[in-house]
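Below is one structure, written out as structure tokens; comments come after it.
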Amino acid sequence: MNPKLVIIGAGGHAKVVCDAVESSGDYRIAGFVDANVPVGTLVTPGYKVILHQDNLDKLKSYADYFIVAIGNNKVREELYNRLSKILKPATVIHPSAAVAGTAELKAGSVILANAVVSAFSIIGENTIVNAGVVVDHESVIGNHVHLSIGTVVGSNSSVADHTVTDIGRYINAFSKL
């Protein structure tokens with residue numbers, strides 16, 4: 001039986017991450033945790049907010065793994081660091097994503113629909129590779145990064161920790177990110 005996963009956040013990005021988790025079949029979703037959405041609120045069909053964010057110490061009774069599904073890098077990093085002391089961070093890959101066998105995906109990363117992560121690339125901890133993103137071969141993406149929809153990272157490029165790209169951004173080895 002697949003391990004249980006709790007999704008931190010209950011907004012639009014969390015719904016997309018929920019879809020990726022369901023589509024992959026790698027985890028069973030226990031529910032959502034949020035600071036602003038009341039416990040018991042239906043977030044997406046079949047899944048509710050099960051716990052308020054103030055009660056993170058109680059998560060062990062709900063799940064084995066967590067994924068932070070909040071787009072804001074700073075908030076996502078703070079929650080990721082706090083939750084890593086309680087549960088194991090998951091890595092979520094939508095089944096329509098193409099991830100090379102030689103790519104390295106660090107804990108807490110999310111690879112969404114139709115993204116491509118090419119050979120020998122590294123995706124940092126707690127990083128979002130959003131829908132339609134292409135990370136070409138031998139690129140290094142830092143920790144707590146959000147590569148927005150349609151970003152293209154050329155081969156042998158680097159993206160620094162905490163970077164957020166604009167939708168459709170092109171990054172090459174000479175970009176300063």
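Note: hydrogens, waters and symmetry copies are ignored here, and every other heavy atom, side chains too, is used.
Under a 3.5 Å cut-off, the side chain of S139 and the backbone N or O of S157 do form a donor-acceptor pair. When atom types are taken as modelled, the side chain of T102 and the backbone of F120 share a donor-acceptor pair closer than 3.5 angstrom. With D136 contributing its side chain and V153 its backbone, the two residues share no donor-acceptor pair below 3.5 Å. In this structure a side-chain-to-backbone donor-acceptor pair under 3.5 Å is missing from T151 to T165. Side-chain atoms of N2 come within 3.5 Å of backbone atoms of G25 as a donor-acceptor pair (strictly under, hydrogens ignored).
Among T163, N130, V135, the single residue meeting the side chain to side chain contact (heavy atoms under 4.5 Å, CB included) criterion with L147 is V135.
Judged as a side-chain contact (heavy atoms from CB on, under 4.5 Å), and not counting sequence neighbours, the contacts of P38 are T41. Applying the side-chain contact (heavy atoms from CB on, under 4.5 Å) rule to K74 yields the partners N72, E78; only residues at least two apart in sequence or on another chain are considered. For N36, the side-chain contact (heavy atoms from CB on, under 4.5 Å) partners two or more places apart in sequence, or in a different chain, are D34.
Between I93 and V99, some side-chain heavy-atom pair lies under the 4.5 Å cut-off. H162 places none of its side-chain heavy atoms less than 4.5 Å from the side chain of V145.
Within the model, atoms OG1 of T91 and CD1 of I111 stand 8.0 Å from one another, a figure rounded to the nearest 0.5 Å. To the nearest 0.5 Å, the span separating CG on D19 from OG1 on T44 amounts to 8.0 Å. One finds the NE2 atom of H13 at 3.5 Å from the CD1 atom of I128 (value rounded to the nearest 0.5 Å). For the atom pair CD of E125 and CZ of R76, the computed distance is 11.5 Å after rounding to the nearest 0.5 Å. Put simply, NE2 on H94 and CG on L112 are 7.5 Å apart, with the number rounded to the nearest 0.5 Å. Taking CD from E104 and OG from S121, the interatomic distance works out to 10.5 Å, rounded to the nearest 0.5 Å.
Considering all non-hydrogen atoms of both residues, A119 and A100 come closest at N-CB, 3.5 Å. Taking both residues in full, the closest heavy atoms of Y47 and C18 are given as CD1-SG, 3.8 Å, listed atom of the first, atom of the second, then distance. Across A90 and Y27, no two heavy atoms sit closer than the pair CB-OH, 3.5 Å. Residue K4 comes nearest to A63 through the heavy atom pair O-CB, 3.6 Å, listed as atom of the first residue, atom of the second, then distance. Shown here for A113 and S96, the closest heavy-atom pair between the two residues is CA-OG, 3.3 Å. Shortest non-hydrogen contact noted between I171 and R169 is CG1-CG, 3.8 Å.
If you chain together hydrophobic residues whose side chains sit under 4.5 Å apart, I29 and V16 fall into the same group. Cluster annotation: L105 and L5 are assigned to distinct hydrophobic clusters (Ile/Leu/Val/Met/Phe/Trp/Tyr, side-chain heavy-atom contacts under 4.5 Å, transitive). Residues V43 and V39 are members of one and the same hydrophobic cluster, defined by side-chain heavy-atom contacts under 4.5 angstrom among Ile, Leu, Val, Met, Phe, Trp and Tyr. Hydrophobic clustering (side-chain heavy atoms under 4.5 Å, transitive across Ile, Leu, Val, Met, Phe, Trp, Tyr) groups V117 together with V159.
Under a 4.5 Å side-chain heavy-atom cut-off, the cluster of Ile, Leu, Val, Met, Phe, Trp and Tyr residues that includes M1 has no other member. Grouped by direct or indirect side-chain proximity (heavy atoms under 4.5 Å, Ile/Leu/Val/Met/Phe/Trp/Tyr only), L59 sits with V6, I8, V33, I50, L51, L56, Y62, F66, V68, I70, V75, L79, Y80, L83, I86, L87. Within the hydrophobic cluster formed by Ile, Leu, Val, Met, Phe, Trp and Tyr side chains joined at under 4.5 Å, directly or through other members, I122 is accompanied by V140.
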| task | Carefully, step by step, assess V129 and V110 under the rule side-chain contact (heavy atoms from CB on, under 4.5 Å). | result | CA-CA 6 Å; V129 177; V110 175; over 6 Å; no
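The closest side-chain donor-acceptor pair between T127 and S109, if any, does not fall under 3.5 angstrom. When only modelled atom types and interatomic distance are considered, D161 and H144 share no side-chain donor-acceptor pair under 3.5 Å.
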